[in-house]
Amino acid sequence: MTTTTTAPPSAAAPAAGVELSDTNQHYDLPAEVFGLFLDPLRKYSSGLYLSKGDTLEQAQLNKLRFVAGRLQLGQGQRVLDVGCGWGSLTLFVADALGCEVVGVSPAGNQHAYIARRAAELGLADRVSTVQGHFETVEAGELTAGGFDAVTMLGSIVHMPDLDVVFRRARALLRRGGRLYVSESCFRNAAARAAFDAREGTQFVRSAIFGWGDMRPLSDLVRAAEDAGFSIASVDDLTDDYRRTIDDWLVNVDAATDQLDAIRPGTAATLRRYLEVANAGWGYTTKHYALVCRRAR
């Protein structure tokens with residue numbers, strides 16, 4: 001298991017007067033916080049509920065298998081997991097499918113956690129991570145045409161320049177390779193114009209993430225096609241994400257005392273964030289899984 005650290009980006013601010021920090025303030029919280037309200041794998045994106053009785057843990061395993069299936073992953077393939085979080089997908093495809101995986105994230109806490117889990121699972125020879133922002137990292141592991149698949153689960157919302165992101169992802173893929181992007185989106189341009197500046201949206205952006213920009217799905221498709229991708233599939237996972245957040249809220253309430261013992265006020269902040277996120281599902285916001293293919 002190796003970790004490469006790169007400097008934060010010095011260019012391409014998301015908006016006038018706004019710069020990306022070296023990491024995202026939410027993910028700089030202690031790892032124990034996330035262990036208290038996420039599933040055991042600490043997967044921090046939508047699950048996939050295949051039955052009414054699915055638990056959060058089952059739904060997140062369903063989703064990991066779904067992602068692997070959409071990408072047609074198999075033994076020995078190389079995967080780049082952008083915004084690798086706490087390593088749920090990285091470790092899953094390395095362990096269950098025998099893939100070689102490189103994770104990218106600006107959050108130092110996550111790299112240390114993934115390194116520890118990879119060692120515990122005997123996966124240190126298949127898993128490495130790079131600390132930095134995907135748009136600007138320079139590391140030997142990120143070689144043009146060197147990957148069979150690139151994944152971005154809930155991470156593109158933190159990347160200001162879609163064109164740069166999709167062009168780089170395409171360059172890193174071999175011919176025939178696939179890109180999986182799952183993201184929360186405003187349901188259309190009109191909803192974005194109406195709700196982007198509202199109090200709840202601004203709270204999530206400033207108090208939780210520091211910076212983030214939800215776009216309509218059409219913006220993601222345009223950027224993917226402009227980069228030279230073919231669109232392989234689009235899945236609507238909106239109802240699954242609503243149910244995922246409901247399960248997270250239950251866990252936050254059950255662990256309020258423990259969360260606040262780590263950092264006072266954490267439980268209330270998490271609850272408000274998750275309630276704001278859940279309020280818009282199906283109305284102002286959607287959650288999609290977009291699969292793109294480098295066909296040439």
My understanding is that only residues two or more places apart in sequence, or in another chain, count here; which of them pass side-chain contact (heavy atoms from CB on, under 4.5 Å) with A295?
S230, R293
Suppose we screen for salt bridge (Lys or Arg N to Asp or Glu O under 4.0 Å). Which residues come up paired with R65, at least two apart in sequence or across chains?
none
Contacts of P30 that satisfy side-chain contact (heavy atoms from CB on, under 4.5 Å) - sequence neighbours left out
E32, V33, I262, R263
Report the residues that fulfil side chain to side chain donor-acceptor pair (under 3.5 Å) with Q75, sequence neighbours left out, ordered by chain and then residue number.
none
Set of residues satisfying salt bridge (Lys or Arg N to Asp or Glu O under 4.0 Å) with respect to R271, sequence neighbours excluded:
D253, E275
Remaining members of V250's ILVMFWY cluster at a side-chain heavy-atom cut-off under 4.5 Å?
none
With sequence neighbours excluded, residues passing side-chain contact (heavy atoms from CB on, under 4.5 Å) with T284
F195
D54: which residues meet the side-chain contact (heavy atoms from CB on, under 4.5 Å) condition with it, sequence neighbours left out?
Y49, L50, S51, Q58, N62, R243
Would a line drawn from the ring center of F34 to the ring center of W248 be shorter than 6.0 Å?
no
Taking ring pair (Phe, Tyr, Trp, His ring centres under 6.0 Å) as the test, write out the residues that go with Y113, two or more places apart.
W86
Could you go through residues 216-223 and list every donor-acceptor pair under 3.5 Å that involves a side-chain atom there, pairing it with any protein atom two or more places apart or in another chain?
unit_1, atom_1, unit_2, atom_2, d
D219, OD2, R192, NH1, 3.3
R222, NH1, D163, OD1, 3.2
R222, NH1, D226, OD2, 2.9

By salt bridge (Lys or Arg N to Asp or Glu O under 4.0 Å), which residues pair with R70, not counting sequence neighbours?
D235
List for me each residue that meets salt bridge (Lys or Arg N to Asp or Glu O under 4.0 Å) alongside D246, sequence neighbours excluded, and say none if there are none.
none
